[in-house]
Amino acid sequence: MGSRAATTWRLAGCSGRGVLRDAARRRGSSLRGGGERAASLSELLQSSVGDEEPGEGEAAGGRREQRSPREGTVLLFPGQGSQFVGMGRGLLRYPGVRDMYRLAEKVLGYDLLSLCLEGPRAELDRTRHCQPAVFVASLAAVEKLNHLQPKVVESCVAAAGYSVGEFAALVFAGAMDFAEALCAVKVRAEAMQAAAEAVPSGMLSVIGRREANYKYACLEARRHCESLGIDSPVCEVSNYLFPDSRVIAGHIQALEFLQENASKFYFTRTKMLPVSGAFHTRLMEPAVEPLAEVLKSIEIQKPLICVYSNVDSKKYMHSKHIQKLLVKQLVSPVLWEQTMHSIYQRKQGMEFPYTYEVGPGKQLGAVLRKCNLKAWRQYSHVGVTEEEEEFCH
């Protein structure tokens, strides 16, 4: 099953939690097609994205009933942490992109385009701003891809998004309306920021040796917190990135304990991430109800292509399934490594599809390289700046 990119956008009102039942729904629209941990993925993988040979995947867009895996493409949508000042400048020339940012300004109540282009960085990096920014920029990158290589979009058979990127993936797949999804992202981002500010917490990126036992390390860290008088301390794996790489989130005291005892737990590298809270843990429970309410008010349909959930790394099956897991995602670890295995699992000798990361940053490509080198060889990035006019491999 393929999909086709769209330039048709309709405004759905958004105030507070937003009631979008009166929004006009795209029927048969061509747009099927998006993170928490802000800079964490970027920080963790900065050294992984080195000088790479230029290249451009040539995805065949045939619609034959039986076709080579190379004729079906996969789109990956980044999450929070991939944002940077200046993103989107290279997208404004493509049809529909300026309309997307105009619509975003009406939904969000502030000039998202100016914030993306001019900053200041501190404001763009705030959870309430960077989630909508990455969401819109990623779908704008789809418009670029559709303009330059429409067959890539037409032949897309699967999509996945990292945390907030999952919303963009669902919009791309025709499961949600752009404006309605953006309103949900707005509510989500604001609620997550509020939850993060309520408890001193954070996130710690960890590279461990093979004998590292992350669950045991987290248990010891929680016991340490209890000895300090902290009730019901939180310390758990919140992101599975690639083999031997995890992000652990929870109370600050727990993370500091892990850093101080890194050698005991066979951690070869630890780095506190510049984020305000323990995303994808139960410390995000205050954000659950606001997101659940806004998702009840919008129309969700079964995706037209396969979209994989962060919660269980499996395909979304129907609208209720989407609604339930998007809420659960807030307090559940992101199973990105497992999702990569689900998408690219195939029989020995079978070809891998061309993969396109659409949006700011190349972090998901770096993760793919760590998870599946053969699949990564068919990877391209669709950038969001003027300097990234050509797709880079």
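Rounded to the nearest 0.5 Å, atoms CD1 (I305) and OG1 (T73) are 8.0 Å apart. Distance check, rounded to the nearest 0.5 Å: NZ of K324 to NE2 of H318 gives 9.0 Å. How far OG of S82 is from CD of Q363: 5.5 Å, rounded to the nearest 0.5 Å. For the atom pair E190 CD and R128 CZ, the distance stands at 4.5 Å (nearest 0.5 Å).
Side-chain N/O atoms of T355 and Y344 include a donor and acceptor closer than 3.5 Å. Using a 3.5 Å distance cut-off with no hydrogens or angles, the side chains of T127 and Q80 do pair a donor with an acceptor.
In this structure, V311 and L335 approach most closely via the heavy-atom pair O-CD1, 3.1 Å. Taking every heavy atom of both residues into account, E357 and P78 meet most closely at OE2-CB, 4.0 Å. Closest heavy-atom contact between M203 and S238: CE-OG, 3.1 Å. Annotation for M284 and L330: closest pair CB-O, 3.5 Å, computed over non-hydrogen atoms. Between A160 and I343, the shortest heavy-atom distance links the atoms CB-CD1, 3.8 Å. Scanning both residues, L170 and L326, for their nearest heavy atoms gives CD1-CD1, 3.9 Å.
Judged as a ring pair (Phe, Tyr, Trp, His ring centres under 6.0 Å), and not counting sequence neighbours, Y308 has no contacts. Contacts of H251 classified as ring pair (Phe, Tyr, Trp, His ring centres under 6.0 Å), with partners at least two apart in sequence or in another chain: none.
In this structure, the side chain of H129 engages the main chain of E123 through a donor-acceptor pair within 3.5 Å. With hydrogens and angles disregarded, no donor-acceptor distance shorter than 3.5 Å links the side chain of N239 to the backbone of L241. For N261 (side chain) and K264 (main-chain N/O), no donor-acceptor pair under 3.5 Å exists by modelled atom type. A donor-acceptor pair is defined here as one N or O able to donate and one able to accept, closer than 3.5 Å; such a pair exists between the side chain of R346 and the backbone of E351. At least one donor-acceptor pair closer than 3.5 Å links the side chain of Q83 to the backbone N or O of G81. S114 places no side-chain N or O within donor-acceptor distance of the main-chain N or O of D111, the cut-off being under 3.5 Å. Using modelled atom types, one side-chain atom of S342 and one backbone atom of S313 make a donor-acceptor pair closer than 3.5 Å.
K151 has no carboxylate O lying under 4.0 Å from a charged side-chain N of E154, or vice versa, which leaves the two without a salt bridge. Using a 4.0 Å cut-off between charged side-chain N and carboxylate O, E105 and R102 make no salt bridge. Taking a cutoff of 4.0 Å between a charged side-chain nitrogen and a carboxylate oxygen, R246 and E337 qualify as a salt bridge. Using a 4.0 Å cut-off between charged nitrogen and carboxylate oxygen, E226 and R222 do not count as a salt-bridge pair.
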Derivation of the side-chain contact (heavy atoms from CB on, under 4.5 Å) call for Y94 and N146:
CA-CA 9 Å; Y94 299 104; N146 186 58; over 6 Å; no
Is there a side chain to side chain donor-acceptor pair (under 3.5 Å) between E166 and Y316? Walk through the geometry before answering.
CA-CA 11 Å; E166 203 163 88; Y316 279 116; 2.6 Å; yes
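With a 4.5 Å cut-off on side-chain heavy atoms, K106 and L182 do not count as touching. Residues L325 and M317 form no side-chain contact, since every pair of their non-hydrogen atoms from C-beta on lies 4.5 Å or further apart. The shortest distance between side-chain heavy atoms of L219 and R223 falls below 4.5 Å.
The side chain to side chain contact (heavy atoms under 4.5 Å, CB included) test with Y110 is passed by exactly one of L112, L113, V107: L112.
Atom OH of Y214 has more than 12 neighbouring heavy atoms from other residues, nucleotides or ligands inside a 6.0 Å radius.
By the rule that hydrophobic residues join a cluster once side-chain heavy atoms approach within less than 4.5 Å of another member, W376 and L75 end up as members of one cluster. Under a hydrophobic clustering in which Ile, Leu, Val, Met, Phe, Trp and Tyr are joined whenever their side-chain heavy atoms come within less than 4.5 Å, directly or via other members, M272 and F265 fall into the same cluster. Placement of L273 and V199 in two distinct hydrophobic clusters is found when ILVMFWY residues are connected by side-chain heavy-atom separations under 4.5 Å, directly or transitively.
You'll find the ring centres of F352 and Y379 outside the 6.0 Å limit.
Using cut-offs of 30° and 60° on the angle between ring planes, the pair H224 and F257 is parallel.
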